Structures are given as C-alpha cells and as structure tokens.
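Before we start, here is the structure in question, set down as structure tokens.
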Amino acid sequence: MSTEDRPPAPRSLAEALRARGDAALGALLRSRPDLITPVPTDLTQLATRAGTRASVARALERLDRFALQTAEALAVAADPATYGELLGLMAGDDPHPAVVAALPHAVDLLREQALVWGADDRLRLVRTARELLAPSPQHPSPTGLGPTVQEATAGMSPGRIQEIVTAAGLASTHDSVSAVTALAGLFTDRARMAALLADAPADSLDVLERLVWGPPYGQVTADPAPRLRWLLDRGLLLPTAPGTVVLPREVALHLRRGLAHRAPEPVPPVVEAAAVHRPQVVDSAAAGQAYTALATVEELLKDWDEGGPAVLRAGGLSVRDLKRTAVALDVPEPAAAFWVELAYAAGLIASDGEADERYAATPAYDEWLEQPPAERWSRLVTAWLAATRTAGLVGGRDAKDRTLSALGPGLDRSAAPEVRHRVLALLAGLPEGAAPAAGSVLARLRWERPLRGDRREDDLRGRLAEWALSEAELLGVTGRGALSAQGRALLGAPAAPAPAPEAEPSGPGDKLPVHHHHRTAPLAPLSPAEQAVASAAAARLLAPLLPEPLDHVLLQADLTAVAPGPLRRPLADMLGVLADVESKGGATVYRFTPGSVRRALDAGQAASDLHAFLAAHSRTPVPQPLAYLIDDVARRHGHLRVGAASAYVRCDDDAVLSEILADKRAAGLGLRRLAPTVLAAQADPAGLLEGLRAMGFAPAAESAEGDVLITRALAHRTPPRTAPEPVPDGPPVPDDTLLAAALRAIRAGDLASTAPRKPGAAPAAQGELPRTGAAETLATMQAAVLTGEALWIGYVNAEGAASQRVIAPVRVEGGFVTAYDHTADEVRTYPLHRITGVAELADDAG
C-alpha cells in the first residue's frame with residue numbers, strides 16, 4: 001500500500017475508536033463494562049470516559065504482569081514511541097526470544113483495552129495511564145527509573161547547566177534547551193557513555209550501581225564526597241531538592257543495557273503439581289468430604305432449631321456464640337465461621353426479625369432437607385462459588401479497627417468469586433488427579449493480577465486464593481487437593497488433559513511436570529443459566545459416589561444404637577429425637593436416656609409407637625433394658641392426643657379425661673365430653689396443646705388421618721427470607737443483547753454528531769442540537785421527501801432527553817414526519833414540534 005493509499009493516522013483516542021469494527025469495539029466494552037454504564041452518546045464521549053482516572057485505574061488493575069510492564073515501559077518512553085523503542089525498553093540490548101514473542105500480544109491487549117492507541121510507529125499511552133504509571137517522587141515507578149534529564153534540570157540555573165555540559169566534555173551552547181538536549185544525547189549514546197564512564201573512579205561507579213535499579217534517589221551533604229562530586233559535575237547525578245539527588249533516566253537505562261525492568265516476565269509462572277493420585281481416589285475422597293459437608297450443615301441447623309444465637313446490636317454473631325458453635329460442630333472456630341457463612345449464603349439461616357432478634361433456620365432449610373443429597377450439595381457449592389462474603393476475614397479488623405464477626409457487616413469482598421473461579425480453573429488445567437503446589441497457584445495469580453496483590457500490604461487476593469483452596473477441600477469440590485470430576489463439571493470445564501508419558505506417577509508424592517503454554521484461553525465464569533446446568537451435571541456425577549442411606553441401626557444392651565452409615569431421612573429424624581448423639585465418625589453412636597425418651601414422648605410419640613419404631617428399624621432384637629426404659633418414662637406421661645375437629649382430645653383411659661375435666665385450669669379451654677374417650681374443645685388445636693402441657697400432661701398432635709405428627713417440638717423458623725445478594729465487582733459484563741444495543745446506540749450517536757453539514761447549514765457547536773424555525777424545518781423536510789436526501793436533526797423526546805439523528809424523510813403530514821432513521825436503523829415517526837432544527841448533510845456524507 002502506498003503512502004497516499006494508507007489511511008491517515010488517528011489524532012486522538014476517539015478517532016482510533018472510530019476506526020474500529022464492531023467486533024473490536026465490542027471486545028473493549030466487554031473487557032471494560034464500566035464504559036457503557038450508562039451507554040455513551042457517541043464515540044467521543046466513550047473515549048473521554050475511557051480516559052477518566054477511575055476507569056483507567058480499574059483497567060490497569062486487570063492487566064497481567066507483562067502487559068502492565070509494557071504499559072509501565074511506555075510511561076517512561078517518549079510520547080509517542082515507536083514499537084522499536086518499546087522493544088528496546090522491554091528486551092534490552094540482548095533481546096530474549098520470549099519477550100520478543102510476547103510483546104506484540106501485550107501491545108494488542110493494551111490497544112484492545114483502549115489504554116494505548118496509534119500505529120506501531122506512533123504508540124501513545126492514554127494520558128491518565130501515563131500520569132498513574134510515570135515515575136514521580138511521591139509515586140515511584142515499579143521500573144525503578146527516575147525523571148529524565150529534561151525533567152530533572154527544569155529548575156536549574158542556565159550557568160549550572162553550562163558547567164555540567166562542559167564537564168561532560170560537550171561544547172557549550174547559547175541556551176539551556178540545547179544544552180539539556182546535548183546532555184541527553186550524550187547519555188543515550190552507548191559509545192560516548194561508555195567512554196565517559198571508563199574514566200569514572202571505581203567508588204563513583206559503586207554509587208551508580210546502588211541506584212541503577214531503584215529507588216533512584218539518594219541523600220548528599222552540603223559538601224559531597226569526591227566520588228559524588230565527580231558524578232554531580234558531569235550530570236550523572238542531578239539535584240532535585242536540597243540534600244537530594246537523582247539518577248537521570250537516560251543514565252539508568254544505559255547502565256541497565258536498555259531494560260526498563262530488571263526482570264521482564266513475559267511468561268506466566270507454571271502451576272506445578274505437588275502430587276498426583278488416581279482419579280478414582282480423588283473422586284472418592286471428594287465425595288466423602290461432600291457428605292461430611294452436608295452432615296455438618298445439618299448439624300449446625302439442628303443445633304439452632306429451637307432458635308439460634310442472638311444477633312449483636314451491630315449485626316452478626318458474638319465471639320462466645322461462635323465458640324459455642326465450633327464446640328457443637330467439633331471444628332475449629334475459622335471452620336465454624338465458614339459453615340455458618342455458607343448456610344447464610346445458601347439462604348438456609350437468617351435473622352428471625354423478632355424484637356429479641358435471633359438467628360434461625362429459614363423455611364428454605366426444610367425444602368433443602370427434602371432434596372436428594374447430591375442436589376443439596378450442589379446448592380451449597382453454587383452459593384459458595386458466587387458468594388462475596390468471605391468467612392476467612394472473621395476475627396480480623398476493619399478500617400475502623402472494629403472486629404469483623406461471622407454473619408456481620410464488612411465481610412463482602414467483591415473479588416472473592418473471581419478468585420475462587422480462577423483457582424479452580426487453574427486446577428482444571430492440570431492433568432487428572434494432580435494436586436497443585438499452593439505456592440505456584442499464588443505465584444500465578446500474582447502474575448495475572450499484579451496490582452491487586454502488590455499494592456496492598458495484606459495481599460488480599462493471595463489470602464482469598466488460600467481460602468478458596470481450603471474451602472474447596474472442605475466442600476468436596478477437590479479431593480486430596482486435586483480437582484474432582486464433580487468439581488470440573490461445576491466449572492463447565494472440558495475433560496482433564498492427559499499427563500505426559502514420562503510423567504506417570506508411581507505414588508501420591510511423585511512430582512508431576514506440567515506444561516502450560518503462555519496464552520491459554522481461561523475458563524470464563526458461567527452465566528446463571530449455564531451455572532445451573534453445570535451444577536446439575538456435577539450433582540449427577542456426585543450422586544453415585546455418596547454412601548447409600550441405611551434404614552436400620554444396631555441396638556445394644558448398654559442403651560446405645562450404632563448407625564453403621566448415613567440414615568434415611570425419617571429414621572434419622574426420629575432417632576435424633578429419641579436418642580442423643582454420643583460419637584461420630586465412620587459409624588454414629590446414639591445413646592438412649594430418660595431425657596431423650598421423654599423428648600420423643602413430648603414430640604408426640606406413644607410408648608407403643610417407640611417400641612414399634614425400634615423393632616422395625618433394628619437388625620438386632622430390642623434389648624430389655626431399653627424396653628424397660630421406654631415403659632418406665634412413658635408411665636409418667638399421659639396418653640392424650642389432640643387433633644383438629646374444632647379441637648378434640650381423645651384418650652384410651654377415660655379416667656385421665658375425667659381428671660382434665662375436673663381441673664380448674666381447663667376452664668378456659670371450653671371442654672365437654674362427647675364420648676367416654678373423647679373430649680371436644682372450643683380452643684384451637686395449638687391452644688389446646690399448649691393448655692394441656694401447662695397442666696402437666698404430654699399430649700401429641702395428630703393429623704386428620706389420626707397419625708401422630710412427628711415434628712420436633714419448639715422448632716423455630718424465620719419468615720421467608722432470600723439469600724444475600726453478592727456485592728458485584730463493578731458493572732456486570734454485558735450480554736450479547738445489551739452489547740449489540742449499546743453498539744448500535746453509540747454508532748448512531750456518532751453518525752449524528754460527525755455527519756458533515758452543507759456549508760450553508762446553520763452552525764452548531766460540538767454536541768449542540770441544530771436550531772431552525774418551524775417553517776424552515778417543515779420546508780426542508782418536504783424538500784427532502786422529494787429529493788430523497790438525508791437530514792441531520794435535533795430531537796427532544798417526551799422525557800426531555802435531547803439527541804441528534806440522521807434521517808431520510810419519507811412522508812410529512814398531520815404534524816408528523818415518517819422517516820428512515822439511520823441512527824436507529826429503522827423507520828420511525830416523529831412529531832414535528834419535537835424537532836429542534838434541521839440541517840442538510842454534505843453530498844459525501846457516509
């Protein structure tokens with residue numbers, strides 16, 4: 001292509017964006033969704049927004065280390081810089097092949113993100129990015145470079161500049177500008193600089209070595225030592241303030257052999273496999289952890305069944321209540337905080353909202369219990385993946401030095417879901433059964449998002465990654481540190497890569513070399529609909545690996561029952577009421593006590609019901625001591641049953657009913673005898689139950705069919721509650737529909753604002769609407785209908801929002817104009833009184 005045929009170089013970021021196709025513009029809006037919140041009116045406004053400090057800082061935070069190093073190099077290069085100059089800063093005098101190969105991709109990424117614009121011969125870093133990344137005394141650059149010779153000598157007297165030029169062996173000049181230019185030229189000339197430094201004293205070179213990689217500033221006294229005086233006289237060190245000197249950027253780059261960074265990192269660190277296991281072992285271990293997770297959450301909610309801990313005035317659990325919960329679950333306090341937060345994120349617990357506010361299970365918990373185990377696990381891990389609340393912060397301090405409590409405020413970290421997903425995605429990139437070295441995962445994440453980790457003293461991103469690894473193991477997403485099949489399905493990941501032939505492990509501790517290419521397409525987070533499909537697939541993979549629930553226990557003569565595995569729901573519920581859990585592990589041991597049997601009777605069971613229940617579900621005969629215990633406790637309880645008829649009481653022992661009728665405390669219940677064994681009451685069933693229990697009886701509620709209702713006494717539930725919404729990390733990534741609409745609107749507004757007008761058209765400043773009288777507007781519209789020409793109009797809609805449009809009028813009648821709207825790409829009708837003005841477009845308007 002000849003120079004005449006080549007399109008003109010863009011003069012601004014807006015012009016560079018205008019030259020992009022829809023695909024490239026869409027990629028920008030996807031990677032920086034804050035740019036379309038709200039949708040800009042045209043490309044000029046989009047470019048302006050892309051250059052704002054907040055948006056640029058956010059975009060820089062999402063760069064990987066090498067792309068960020070590239071931007072930092074451009075910030076210390078000339079503006080504009082050529083690609084060759086940038087390559088020199090990134091690769092130095094002896095280019096490394098990896099840097100040469102990776103740099104084009106990094107530049108393309110910066111262009112895509114609208115942080116860099118211009119062709120390779122005129123690369124320009126967005127001004128705001130240059131301000132953020134360029135070296136300054138207040139904000140040193142990660143490059144360790146200082147100011148240029150021109151910047152460092154800005155306040156220096158002309159006489160002093162001439163003295164430095166002469167001492168450096170250069171000819172004196174008539175003005176400071178040319179003197180500074182000559183000095184900078186000397187420092188950037190490798191041969192002349194080598195000759196100058198060859199005459200330098202050894203201890204002066206030692207001073208330069210200490211400053212060359214930064215920080216470039218040093219302290220001097222009013223009477224510098226000879227080694228410093230030699231450097232100051234020749235401008236190799238320049239004063240910036242009284243007692244402070246700086247190594248000029250050009251000198252440092254010569255000493256560094258052209259490198260802007262001591263260690264360019266074009267290739268991400270490899271995620272190393274610390275051990276490898278058979279996939280079946282990983283999946284089985286993960287399934288065991290998944291079962292334990294379900295049991296732990298159930299135990300937590302059972303512990304809070306009658307009303308959990310009180311809510312602190314500032315929100316959350318007290319330290320004492322968290323300790324009690326940890327003891328009840330037999331786990332450390334950080335793990336207890338995780339399980340509490342997980343149940344909250346899944347919508348299973350919440351505050352009851354009462355005056356004496358307490359935490360309790362929600363109605364969703366009862367629905368969750370009725371689901372198959374694999375589906376219950378799927379619900380927990382799906383909530384965990386998306387949750388921004390971070391249990392690992394519990395016990396720490398917020399910005400105001402207040403303790404962060406479980407279920408309390410201040411635990412949301414918007415980066416948590418992204419870090420969890422990225423950690424699991426890195427595990428998915430390993431061969432099947434491979435468990436990563438935690439340090440290599442953290443190093444990879446720091447390379448991918450360096451600003452997020454390096455700017456903060458506590459390295460929140462690294463801690464989030466460590467918590468993600470441990471929480472994934474607790475939940476059974478991983479097993480023995482390796483991603484399980486159900487964990488891979490949860491991410492929507494493809495099948496695991498096969499290990500290299502030479503990497504066949506012989507044992508769980510074998511090292512496994514992992515080969516990663518520099519640029520692999522990372523697993524993208526799934527949309528809610530896609531995540532639901534992936535979670536269902538994960539549940540299907542997990543289901544066959546979970547232990548089959550049993551319908552029996554082994555009763556023993558020492559008043560205990562042994563459950564050799566998980567129990568089916570009705571059996572587990574009933575046994576949990578009838579006995580106390582004594583120990584857990586591979587088998588659960590329940591102990592029968594007078595108190596536990598009384599609890600079962602209080603919950604509505606008769607002695608005959610308990611005998612029948614134990615006989616039906618025991619593989620061994622019911623021991624005599626247990627039968628005696630049940631009969632002995634039941635003998636001291638009544639045999640009353642209350643149901644809904646208005647309400648009624650029935651009992652096989654009519655003497656008990658006579659005793660109730662004779663009791664003065666029963667007067668408020670409105671009782672009367674219908675039959676020897678039945679009493680009718682005016683009170684409702686709940687009131688009747690409460691009244692009889694207050695009189696010392698132990699009635700049981702029954703259903704309309706006459707069956708005893710097996711519900712835990714005093715079970716407490718909150719009103720319906722929704723799970724907490726994650727706090728988003730900025731605006732969401734636009735979907736295809738929103739992106740297409742935004743692109744269409746931006747292109748439309750840009751067409752209207754940049755369409756060329758005819759020379760005689762009414763003038764309008766940038767962004768202003770055209771203004772013409774009503775008669776002129778009507779005449780111009782009617783003429784355009786005859787000629788088929790397009791017009792530029794200003795339009796104000798019913799809400800008062802003004803816009804510019806390019807239309808081709810088709811018909812004008814009844815105070816309305818029907819036209820093809822080029823900006824909306826459709827035929828529309830506009831009231832003439834809402835058109836502020838009209839102008840004709842130039843003949844070559846596109």
Side-chain angles (χ1 to χ4, degrees), residues 64-66 98 263 265-286 288-289 334-335 338 384-385 390 392 415-450 452-454 456 458-488 490-491 493-523:
D64 62 50
R65 188 177 297 278
F66 188 66
E265 298 182 54
V267 180
V270 173
V271 178
E272 299 174 351
V276 66
H277 314 277
R278 289 188 299 109
Q280 295 85 351
V281 172
V282 170
D283 293 346
S284 297
Q289 285 296 122
F338 168 69
W384 170 72
L385 268 180
T390 308
E418 179 207 345
V419 173
R420 287 191 201 106
H421 186 277
R422 187 62 190 134
V423 167
L424 296 182
L426 290 175
L427 269 61
L430 294 173
E432 198 170 6
S440 68
V441 172
L442 298 182
R444 177 62 170 265
L445 290 175
R446 280 193 289 269
W447 185 91
E448 292 179 348
R449 293 285 188 273
R452 284 253 171 139
D454 295 350
R456 292 159 172 77
D458 61 351
D459 187 8
L460 174 63
R461 191 176 178 84
R463 292 197 295 154
L464 289 173
E466 292 174 346
W467 294 330
L469 287 170
S470 61
E471 291 166 1
E473 190 74 11
L474 284 175
L475 284 170
V477 177
T478 59
R480 299 196 177 184
L483 191 64
S484 64
Q486 55 267 27
R488 193 176 298 277
L490 190 68
L491 296 177
E502 69 273 12
E504 286 297 330
S506 59
D510 287 351
K511 293 289 182 180
L512 182 68
V514 180
H515 305 285
H516 282 286
H517 297 292
H518 169 34
R519 302 292 177 183
T520 55
L523 285 172

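In this text the structure is predicted, and so the values were computed from the model without any measurement. Residue numbers count from 1 along this sequence.
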E432 and R278 ion-paired at < 4.0 Å: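 Here E432 does not pair with R278 in a salt bridge, since their nearest N and O are not under 4.0 Å apart.
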Any donor-acceptor pair under 3.5 Å from D283 side chain to S484 backbone: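 Answer holds: no.
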Looking only at heavy atoms, which two atoms of R420 and L385 are closest? And how far apart? NH1-O, 3.7 Å
Are R461 and E418 close enough, and set up right, to give a salt bridge (Lys or Arg N to Asp or Glu O under 4.0 Å), and what steps lead you there? CA-CA 10 Å; R461 191 176 178 84; E418 179 207 345; 3.4 Å; yes
Residues L426, E448; criterion side chain to side chain contact (heavy atoms under 4.5 Å, CB included); working and verdict: CA-CA 12 Å; L426 290 175; E448 292 179 348; 4.3 Å; yes
Minimum heavy-atom distance between L427 and R488, given as atom pair plus value: O-NH2, 4.4 Å
Partners passing side chain to side chain contact (heavy atoms under 4.5 Å, CB included) against A98 (at least two apart in sequence or in another chain):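 Partners of A98 by the side chain to side chain contact (heavy atoms under 4.5 Å, CB included) criterion, ordered by chain and then number, come out as H96, P266, V267.
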Suppose we screen for side chain to side chain contact (heavy atoms under 4.5 Å, CB included). Which residues come up paired with A472, at least two apart in sequence or across chains? W384, L424, V477, T478
Contact summary for G433 and V282, nearest pair of heavy atoms: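 Here G433 and V282 meet closest at CA-CG2, 4.0 Å.
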Rounded to the nearest 0.5 Å, what's the gap from CG on L464 to CG on L442? Could you check? 11.0 Å
Verify, without hydrogens or angle tests, whether S284 (side chain) and V281 (backbone) share a donor-acceptor contact under 3.5 angstrom.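 A pair under 3.5 Å: no.
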For D459 against R446, the heavy-atom pair lying closest together: OD2-NH1, 3.7 Å
Once side chain to side chain contact (heavy atoms under 4.5 Å, CB included) is applied, do any residues pair with A285, and if so which ones, sequence neighbours excluded?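 Only R480 meet the side chain to side chain contact (heavy atoms under 4.5 Å, CB included) criterion with A285.
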Search all heavy atoms of P269 against all heavy atoms of R444 and return the closest pair with its distance. O-NH1, 3.2 Å
Non-hydrogen side-chain atoms of F338 and W467 separated by less than 4.5 Å: no
Taking C-beta and beyond as the side chain, do V423 and E466 meet within less than 4.5 Å on heavy atoms?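 The answer is no, as the side chains (C-beta and beyond) never meet within the 4.5 Å cut-off.
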Main chain of E473, side chain of Q289: is a donor-acceptor contact present, judged purely on distance under 3.5 Å?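 Flag set: sc Q289 to bb E473 pair under 3.5 Å.
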How far apart are the closest heavy atoms of A438 and L469, and which atoms are they? CB-CD1, 4.2 Å
